[in-house]
Q: 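Handing you a structure now.
All ligand and atom numbering here is 1-based and tracks the order in the structure. Hydrogens, waters and symmetry mates are skipped; everything else that's a heavy atom, side chains included, is used.
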Amino acid sequence: MRLFVGIEFPDNIMRELLRIQKLIRSQAKHGRFVAGDNLHLTLQFLGEVPPAKIGLIEERLHITSQQHNPFLLTLNSTGSFGKGNPLRVVWVGLNGELSKLAYLQNSIAASLAAVGYPPEDKPYQPHVTLGREVELPEPGLQGFNREIEKLPFTVERFSLIKSTVENGKRIYSPVQSFALSVEAV
Ligand code: ATP
Ligand code: MG
């Protein structure tokens with residue numbers, strides 16, 4: 001099955017992300033926008049995993065979760081990958097305890113590499129994808145930034161998430177969630 005590790009957001013953060021996505025969508029000429037329920041922060045993509053390996057992956061992720069404390073993030077500005085029009089990926093960035101996020105992401109990547117899922121050869125850039133191939137009138141994304149309420153939220157867990165396509169729709173279903181230990185150093 002197709003798996004990735006990610007962070008799911010509390011309701012108020014989902015609402016704010018949806019509000020911004022809706023604003024962008026209302027001005028876009030084209031774009032493939034992420035379905036509302038699917039907004040998330042990817043930590044590590046695994047791809048196709050044989051069912052027999054899932055237990056081992058869960059074990060590694062559990063151990064990793066015990067070595068990290070919860071931490072605080074906030075929503076930040078919008079941004080994009082690609083500079084043309086359409087923009088290849090339009091996203092919302094994050095702020096807050098980014099070094100703790102990077103530390104967690106790094107540990108997860110290392111623990112998965114140890115069981116045969118090496119990370120991609122590019123630096124981790126935390127972002128919440130809102131849409132892909134988004135064509136916007138001038139001046140592009142400028143103007144949406146002052147709209148975002150930079151709400152804080154505590155990351156208390158991460159999840160192993162299954163990605164499927166059902167009736168042509170992308171569906172994410174958490175396989176297991178891993179609470180960050182409040183006692184870790
Ligand atoms: P679709 O592919 O149908 O547009 P999606 O990208 O949301 O939908 P998946 O391709 O299953 O669904 O991806 C699940 C998550 O993993 C998403 O956050 C996606 O950005 C990320 N992801 C997918 N492929 C890769 C990859 N090759 N490298 C890094 N991250 C990836
Ligand atoms: Mg994809």
Q: Would you please test K169 and E166 for salt bridge (charged side-chain N to carboxylate O under 4.0 Å, His left out) and show each step?
A: CA-CA 5 Å; K169 272 207 240 161; E166 288 167 35; over 6 Å; no
Q: Can you check whether F4 and F45 have ring centres sitting under 6.0 Å from each other?
A: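 No, too far apart.
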Q: For the residue pair F153 and F9, does the interplanar ring angle fall in the parallel (under 30°), tilted (30 to 60°) or perpendicular (over 60°) class?
A: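 Ring orientation, 0 to 90° scale: perpendicular.
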Q: Which of the atoms of ligand 1 are close to T42, meaning less than 4.0 Å from one of its heavy atoms?
A: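 Those qualifying, in numeric order: 15 (C), 17 (C), 18 (O).
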Q: Kindly determine whether L73 and L98 satisfy side chain to side chain contact (heavy atoms under 4.5 Å, CB included), including the steps that lead there.
A: CA-CA 7 Å; L73 293 177; L98 293 180; 4.0 Å; yes
Q: Report, in ascending order of atom number, the atoms of ligand 1 lying under 4.0 Å from any heavy atom of S163.
A: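 With S163 as reference, the close atoms of ligand 1 come out as 9 (P), 11 (O), 12 (O).
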Q: Could you tell me, atom by atom, which parts of ligand 1 come under 4.0 Å of a heavy atom of E120?
A: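 Those of ligand 1 that fall under 4.0 Å from E120 are 28 (N), 29 (C).
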Q: What residue and atom, counting heavy atoms only, is the protein's closest point to atom 12 (O) of ligand 1, and at what distance?
A: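 That would be R170 NE, 3.3 Å.
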Q: Within a radius of less than 6.0 Å around CD of Q142, do more than 12 heavy atoms belonging to other residues, nucleotides or ligands occur?
A: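 No, the 6.0 Å shell around CD holds no more than 12 heavy atoms from other groups.
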Q: Which protein heavy atom lies closest to atom 4 (O) of ligand 1, and at what distance to 0.1 Å?
A: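 Going by distance alone, atom 4 (O) of ligand 1 is nearest to R132 NH1, 3.3 Å.
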Q: Tell me the protein heavy atom at minimum distance from atom 30 (N) of ligand 1, and give that distance in Å.
A: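 Of the protein heavy atoms, F45 CB, 3.4 Å lies nearest.
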Q: What residue and atom, counting heavy atoms only, is the protein's closest point to atom 10 (O) of ligand 1, and at what distance?
A: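 Ranking protein heavy atoms by distance from atom 10 (O) of ligand 1, first comes R2 NH2, 2.6 Å.
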Q: Looking at atom 7 (O) of ligand 1, what's its closest protein heavy atom, distance included?
A: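 For this ligand atom, the closest protein heavy atom is Y172 OH, 2.3 Å.
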Q: Take atom NZ in K53; do more than 12 heavy atoms of anything else shown fall under 6.0 Å from it?
A: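 More than 12 within 6.0 Å, yes.
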Q: Identify, by atom number and element, the atoms of ligand 1 in contact range of H40, meaning under 4.0 Å from any of its heavy atoms.
A: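 The list of qualifying atoms is 17 (C), 18 (O).
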Q: With hydrophobic residues grouped by side-chain heavy-atom distances under 4.5 Å, do L39 and V89 end up in a single group?
A: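 Cluster IDs for L39 and V89 differ.
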